[in-house]
Amino acid sequence: MSSTMNTGEQIPAIQTLRRGLHHSPELKRGFAVTLLLAVLATAGNVVVPIAVQQTIDRGLTSPTGPDVDFMVRMGLLAAAAVLLTSLASYGMISRLFRTAESGLATLRIKAFRHVHDLSLHTQNTERRGALVSRVTSDVDQVSQFLVFGGMLFIVSIGQMFVATVIMIWYNAWLALVVWLCFLPLFLSLRYFQQKLSRAYGVVRRQVGVLLSAISEPVVGAEVVRAYAIEARTQQRIDEAIDRHRQASIRAQGFLAFSFSLGGISGGLANAGVIVIGIWLGFADRITPGEILAFAFLVSLFVMPVQMGTQVLTEAQNAIAGWRRVIGILETPADVVDPGDQGSSLPRGPVDVRFDRVDFSYHDGPLVLRDLSLEIAAGTRLAVVGETGSGKSTVAKLLTRLMDPVSGTVYLDGVDLREISGESLRRSVVLVPQEGFLFDDTLAANARYGKLDASDEEIIASAAELGLGDWLAGLPRGLQTRVGQRGESLSAGERQLVALLRAHLADPDLLVLDEATSAVDPFLEMRIGRALERLMSGRTSVTIAHRLSTAENADEVAVIDAGRLVQRGPHADLVAQDGPYARLHASWVAQHGHV
Amino acid sequence: MTGTDALGVGRTRATTMREGFAILGVAIRREPKVFAVATIGSLLFGALTVADAWVLGWATDHVVLPAFRDGRVDTSLLIAVVALFVGVALLRAAGIVARRVGAGIMQARMWSHDRRDLTRQYLSLPMEWHQRRPTGQLLSNANSDVEAAWGPIAPLPMALGTVAMMVIALIQMLLADWVLALIGILVFPMVIATNIIFQRVVSPLMTRAQALRAELSEIAHESFDGAMVVKTLGREDEETRRFAEKAHQLRDTVVRAGRARAAFDPALAALPELAVLLVLVVGVSRVLAGEIEPGAVVTVAYLLTIVSFPIRAIGWLLGEFPRSVVGYERIRSVLEESTRVDYGSETLARSGPGAALSLDQVGFGYSPETGLLDDVSFDIAPGSTIALVGATASGKSTLTALVGRLRDPDRGRITIDGTDVRHLRHGALAAATAMVSQSAFLFEDTVRGNVTLGGDFTDEQVWEALRIAQADGFVAALAHGLDTELGERGTSLSGGQRQRISLARALVRRPRLLVLDDATSAVDPEVEARILAALRSEGAAATLLVVAYRKATIGLADEVLFLDDGRIVDRGTHADLLTRNPAYAELVNAYETEEPA
Ligand SMILES: Nc1ncnc2c1ncn2[C@@H]1O[C@H](COP(=O)(O)OP(=O)(O)O)[C@@H](O)[C@H]1O
Ligand SMILES: Nc1ncnc2c1ncn2[C@@H]1O[C@H](COP(=O)(O)OP(=O)(O)O)[C@@H](O)[C@H]1O
Ligand SMILES: [Mg+2]
Ligand SMILES: [Mg+2]
């Protein structure tokens with residue numbers, strides 16, 4: 001069921017190109033024109049050699065003496081041709097930049113979006129730093145290749161073809177010799193490509209590792225500082241840096257080696273042409289002039305071969321990056337939004353039913369077992385249980401952050417998997433245990449719950465929640481910057497913002513996962529009372545860390561080691577001899593009347 | 001947006017070239033040996049390219065033509081031809097390998113030097129600095145900026161190798177005819193001028209592109225970090241829009257820079273070509289005037305064609321400069337940050353009785369205009385347990401951060417055993433004290449690694465700490481016990497389990513002063529009582545500063561400090577405060593005054 005993030009490393013090179021083009025259709029757009037410009041730009045390379053030859057033949061060595069008029073005319077004509085060629089180059093390169101960058105921007109955005117479409121579960125199989133590298137630097141690698149590599153490659157193949165045709169026209173046997181000399185290179189190319197592909201795969205992976213190694217202590221800077229473990233942390237980072245360096249150097253080595261093979265083949269071909277040429281000469285099949293001309297043709301052939309192999313080898317770096325981005329897109333979403341096909345929940349209180357739900361994280365042990373639970377519409381349910389018993393897991397299943405391994409969760413009688421994501425998010429809101437805020441103002445974070453909320457609306461919402469005093473007490477009020485992850489606020493304040501955000505979202509089913517655990521008792525009770533009022537006529541599931549919440553709820557569900565062990569109103573449960581009575585006793589000890 | 005953006009804007013663009021060379025100078029000084037290897041490889045390559053032509057000439061004169069003339073050929077000569085061609089090709093290949101591998105090593109090493117320096121800086125800069133720098137930006141500094149800075153290393157040896165070719169060609173041109181040579185030489189200032197124009201156009205775009213890359217990385221990092229919120233509120237579209245906006249800005253910027261590049265590259269190619277044409281026209285008229293021989297025209301034209309490639313190679317090098325300078329400056333702006341945490345040379349006893357903590361008129365604010373803690377003074381006797389109680393945002397965590405020296409006070413001083421914490425050696429504070437913060441942070445490591453953090457503890461000690469923190473049960477149930485990998489930030493654990501591991505991390509160290517910032521909210525009260533008791537019952541009782549709301553916890557404390565709006569407003573035993581301070585009573589009694597429904 002659950003899927004892990006596709007590394008993309010298994011995708012073959014050709015497939016990568018095909019999938020890449022599929023995901024970025026812009027890359028194909030206007031290709032014919034760009035190719036035409038490329039041909040013009042390449043053809044322009046012959047202008048100057050022709051001019052030189054004309055000058056020698058008609059300008060300098062002409063029997064009638066140098067013809068200045070002709071020279072000037074030819075010079076102007078050639079200059080115009082050079083300018084035209086430059087214009088074609090300009091057109092080609094700028095078009096390449098545009099198509100490549102547009103295609104890659106699309107790819108980047110699609111990949112980014114797809115990460116969000118994957119379940120938390122799947123996201124967690126890849127480190128954040130590595131995910132970031134996949135939508136940033138991996139894409140950047142592809143860019144260079146698409147702009148310069150792709151076109152050079154096509155042009156090189158064209159030039160090789162033309163050189164071969166001319167060679168055959170001069171002398172088919174020698175052409176064969178040249179091709180034979182290059183054959184080992186062409187055959188070994190595949191081998192080197194594979195080596196390089198693996199080597200660059202390692203490089204790209206190491207970039208991800210490196211970024212994760214750097215981001216971890218940056219995010220956890222306080223722990224690093226508090227425990228003075230800078231040296232050990234640095235050592236871990238250094239290891240990642242060194243591994244990346246070694247991987248890069250290794251890839252460079254392969255690259256250099258495979259690139260140098262073209263030159264060696266060229267040397268062989270030259271020698272072959274002369275030796276076989278002499279031999280053919282004895283049979284009167286070739287003149288010395290033709291042999292020499294052939295030597296020049298060989299260099300015409302070697303150049304594009306060199307260029308082509310270089311492009312091909314460097315392409316491996318791009319492909320390694322491309323694969324990783326495509327890998328994201330080809331990771332199947334395990335929590336699939338039925339979208340327009342899905343049903344919509346009607347507004348109004350929701351009733352909830354867990355039907356024999358089993359759940360396990362990845363291939364681990366079952367965290368929830370055979371959990372069946374009904375929550376009538378409009379009920380306030382408190383969920384209690386020890387740490388690690390599976391309460392948060394229930395909350396995540398209820399809000400469809402994950403799907404059960406077996407069994408079903410129903411809202412209003414509809415399988416959660418069949419409700420459109422849009423409808424689900426409108427009706428159901430979860431306030432998670434660890435509130436996350438974006439590095440923006442308090443108002444912007446609150447608006448995450450309701451995009452078009454006005455300042456007045458936010459302030460009114462806060463007042464409804466009993467947070468008016470707190471908000472009024474902030475020197476910059478709604479404009480307070482909350483810092484990265486909300487870290488410029490106190491932990492309790494972060495939770496207040498998360499609550500405010502959820503309240504603005506105006507859900508029909510509110511799920512609170514220890515949402516006020518860091519708030520002081522006085523404020524917490526005030527919020528609790530406010531929520532009670534606000535939630536009337538809605539369904540709420542509150543994971544309680546303090547039993548006062550349970551006392552005030554309509555009903556209590558007790559989870560123990562992934563099973564529902566008790567269920568009923570607080571008053572009934574305290575009277576029974578069971579886990580709840582024990583939890584309650586300890587709660588009384590905790591806050592008991594001293 | 002960070003301050004680095006201001007860089008490069010006020011700079012005069014003509015200096016880019018000088019700065020680009022200066023950056024290369026840094027790399028050459030840092031890695032002279034590999035640079036030498038790469039350059040020699042490149043020179044070898046250049047020399048052997050010339051040798052190739054020479055071998056062909058030799059083969060023509062000594063083998064091909066005699067063979068056709070005589071109708072026979074010496075086998076040894078044929079072998080010599082093959083040996084020469086292949087030998088030259090092999091040597092040239094060696095040159096290529098040396099050049100490329102050398103440049104590759106040099107580049108990779110420079111990346112690695114900078115990354116080491118940058119991350120050292122990340123680890124030593126104070127929390128204030130980190131608060132201003134989004135993680136995604138720091139990642140971009142260490143990744144994209146570093147790559148940009150050392151981009152020109154790849155084409156450098158090639159460009160240097162071709163300089164030799166160019167010099168030789170220039171001399172030959174001058175020997176052929178000075179007028180025509182002058183036309184040829186004129187190409188160089190024009191190339192430079194083209195380059196300056198190019199850099200003037202491209203530098204600001206590159207500055208912007210690098211800044212956008214950092215912002216993109218910042219958005220991606222933040223958005224993936226907050227994926228849970230994005231999901232639960234269904235804000236995928238908005239997040240994608242936010243990312244797409246930057247991605248499109250980056251695209252447009254790079255496309256604009258690409259357009260400049262598209263003009264620059266053909267211009268570099270065209271300049272020598274146009275010069276050749278001019279040489280031909282002028283040359284012919286000079287031949288007519290009888291001033292030079294036709295051969296000189298051919299020679300100069302030919303030489304100019306030859307140097308057109310080196311000119312392009314140098315152009316590629318210079319073309320990398322704008323990006324390099326921008327990346328380099330972005331890195332520098334981090335490396336030159338000098339607001340370090342200063343450490344002294346004093347130490348604290350690592351073991352022994354509890355430490356004495358004292359705050360003397362401490363004042364602190366996160367920003368100068370809004371003070372937070374004001375005139376906080378108190379002493380905690382060794383071995384006693386003090387509860388710090390206060391409303392949300394009253395400054396409790398801030399106070400613990402000051403004690404743990406995550407921040408330094410603006411005024412007043414904090415002493416442990418009479419020593420100002422600012423005078424302590426690096427590591428001395430951590431060796432004697434431990435702090436558990438409100439939000440548990442776990443590393444991507446094993447359970448053991450997360451508890452020991454590389455410290456020297458036996459498995460027994462680790463288990464003991466886990467047992468006290470009530471984490472032994474679930475750790476024992478994990479597939480590999482202490483060796484279970486916990487995933488990035490401990491994702492595979494529940495929130496409470498994470499908190500317990502971070503508690504065990506502090507306990508295993510047997511600190512003389514333990515600061516718990518609401519760190520026991522996820523453990524049962526009896527467990528908490530046991531933890532506190534364990535710490536106090538040791539022969540030498542640790543000093544405890546506990547931020548708590550629970551009455552049971554507070555009841556265990558010898559004394560309570562009541563913090564309100566950054567000030568210690570009351571101090572005394574829990575019972576005393578309850579009776580004499582209504583605000584205190586209201587806060588801690590809140591759960592009871594509530595009538596059960
Ligand atoms: N992402 C995860 N991967 C693997 N195991 C997990 C993950 N999240 C939670 N668990 C495990 O599932 C169990 C239940 O966790 P959770 O529902 O978070 O408990 P709690 O009742 O404290 O909220 C715990 O044993 C925990 O270790
Ligand atoms: N890193 C920070 N940057 C700016 N302001 C902060 C930062 N951390 C906390 N604050 C502010 O300081 C005040 C006290 O915070 P804190 O000490 O965390 O409170 P407590 O722990 O008592 O709940 C709050 O108003 C909070 O917004
Ligand atoms: Mg939980
Ligand atoms: Mg706090």
Side-chain angles (χ1 to χ4, degrees), chain A residues 48 55 59-60 66 71 75 82 86 89-90 93-94 97 101 105 108-109 112-113 116 124 127-128 131-132 136 211 218 220-221 223 226 228-230 232 237 241 245 248-249 252 256 260 263-264 267 270-271 278 288 387-388 425 430 433 436 490-492 520-522 525 548 551-552 590-591, chain B residues 67-68 82 85-86 89 93 96-97 100-101 104 108 112 115 119 123 130 135 139 217 220-221 226 229 232 234 236 240 243-244 247 251 254-255 258-259 262 266 270 273 277 280-281 284 294 391-393 404 427 430 435 438 441 453-454 488 491 494-496 525 551-552 587 590-591 596-597:
Chain A
V48 170
T55 309
L60 293 174
M71 281 306 302
V82 166
S86 300
S89 287
Y90 170 80
I93 300 175
S94 54
F97 263 104
E101 290 297 326
R108 226 193 261 279
I109 295 165
F112 175 88
R113 171 61 199 231
H116 277 304
N124 284 340
R127 301 178 182 98
R128 265 158 271 218
L131 279 181
V132 172
T136 56
L211 292 196
V218 167
V223 180
I229 50 166
E230 287 90 348
R232 163 188 145 96
I237 298 175
I241 292 174
R245 189 194 60 227
S248 309
I249 291 177
Q252 267 301 327
S260 69
I264 297 179
N270 268 331
I278 290 173
T387 277
R425 298 302 170 217
L430 166 71
Q433 211 163 356
F436 180 95
S490 89
D520 69 64
F522 182 74
M525 292 312 288
S548 65
E551 284 183 347
N552 294 335
Q590 194 180 154
H591 293 286
Chain B
F68 275 85
V82 174
F85 270 117
V86 174
I96 293 178
V97 171
R100 297 207 137 220
V101 172
S112 139
R115 286 179 176 143
T119 50
L123 288 180
H130 277 281
T135 312
L139 293 185
S217 155
H221 193 273
V229 174
T232 51
E236 291 89 345
T240 308
F243 183 80
R251 175 198 63 195
V254 175
V255 168
R259 220 172 285 146
E273 291 188 341
L277 294 177
L280 292 180
V281 176
V284 168
T392 299
M435 190 173 127
Q438 210 163 358
F441 183 91
L453 294 180
E488 195 177 30
T491 37
S494 81
K551 267 174 150 186
L587 186 71
Y591 294 131

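Chain letters run A, B, ... following the sequence lines, proteins first, then strands; residues in each count from 1.
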Query raised in the report: Tell me, side chain or backbone of A/Arg232 under 4.5 Å from chain B's heavy atoms, or both, or neither?
Result: side chain
Query raised in the report: What are the two closest heavy atoms between A/Ile278 and B/Phe68, and how far apart are they?
Result: CA-CE1, 4.5 Å
Query raised in the report: Checking heavy atoms, do the side chain of A/Ser94, its backbone, both or neither come under 4.5 Å from chain B?
Result: both
Query raised in the report: What option among B/Val101, B/Thr491, B/Val255, B/Leu139 has the most heavy-atom pairs under 4.5 Å with chain A?
Result: B/Leu139
Query raised in the report: For the candidates A/Gln433, A/Arg127, A/Arg128, A/Arg425, which exhibits the highest count of non-hydrogen atom pairs separated by less than 4.5 Å from chain B?
Result: A/Arg128
Report task. Against chain A, work out which of B/Leu453, B/Val254, B/Val281, B/Val82 has the most heavy-atom pairs shorter than 4.5 Å and name it. Result -> B/Leu453
Report task. Considering non-hydrogen atoms only, spot the tightest contact between A/Tyr90 and B/Pro266 and give its length. Result -> N-CG, 3.9 Å
Query raised in the report: Based on non-hydrogen pairs under 4.5 Å, which of A/Asn124, A/Thr136, A/Leu430, A/Asn270 is most in contact with chain B?
Result: A/Asn270
Query raised in the report: Measuring from A/Met71:CE to B/Leu277:CG, what's the distance to the nearest 0.5 Å?
Result: 8.5 Å
Query - Flag, side chain of B/Ser112 to backbone of A/Ile241, donor-acceptor distance under 3.5 Å - result: no
**Report entry** Least distance between heavy atoms, B/Ala220 atom then A/Val132 atom
**Finding:** C-CG2, 4.1 Å
Requested in this report: Output the option from B/Ala247, B/Ala108, B/Gly427 having the highest count of non-hydrogen pairs under 4.5 Å with chain A.
Outcome: B/Ala108
Requested in this report: Give, as side chain, backbone, both or neither, the part of B/Gln438 having an atom under 4.5 angstrom from any heavy atom of chain A.
Outcome: side chain
Query raised in the report: In terms of heavy-atom pairs under 4.5 Å, which option from A/Gly263, A/Gly75, A/Ser86 contacts chain B the most?
Result: A/Ser86
Query raised in the report: CZ/A/Phe97 to CZ/B/Arg251 distance, rounded to the nearest 0.5 angstrom?
Result: 14.5 Å
**Report entry** Part of A/Ile237 within contact of chain B (heavy atom distance under 4.5 Å)
**Finding:** side chain
Query raised in the report: Between A/Gln252 and B/Arg100, what is the shortest heavy-atom contact and its length?
Result: OE1-O, 3.6 Å
Query raised in the report: What residue in A/Ala105, A/Ser89, A/Ala221, A/Ala256 has the most heavy-atom pairs under 4.5 Å with chain B?
Result: A/Ala256
Query raised in the report: In terms of heavy-atom pairs under 4.5 Å, which option from B/Val97, B/Ile96, B/Leu280, B/Val86 contacts chain A the most?
Result: B/Leu280
Requested in this report: Could you pull out the closest heavy-atom pair between B/Ala270 and A/Val82, with the gap in Å?
Outcome: CB-CG1, 3.8 Å
Query raised in the report: Any side-chain heavy-atom pair from A/Arg108 and B/Phe243 closer than 4.5 angstrom?
Result: yes
**Report entry** Toward chain A, the part of B/Ser494 with a non-hydrogen atom under 4.5 Å
**Finding:** side chain
Report summary line: Output for pair (A/Ile229 CD1, B/Leu123 CG), nearest 0.5 Å, gives 9.0 Å
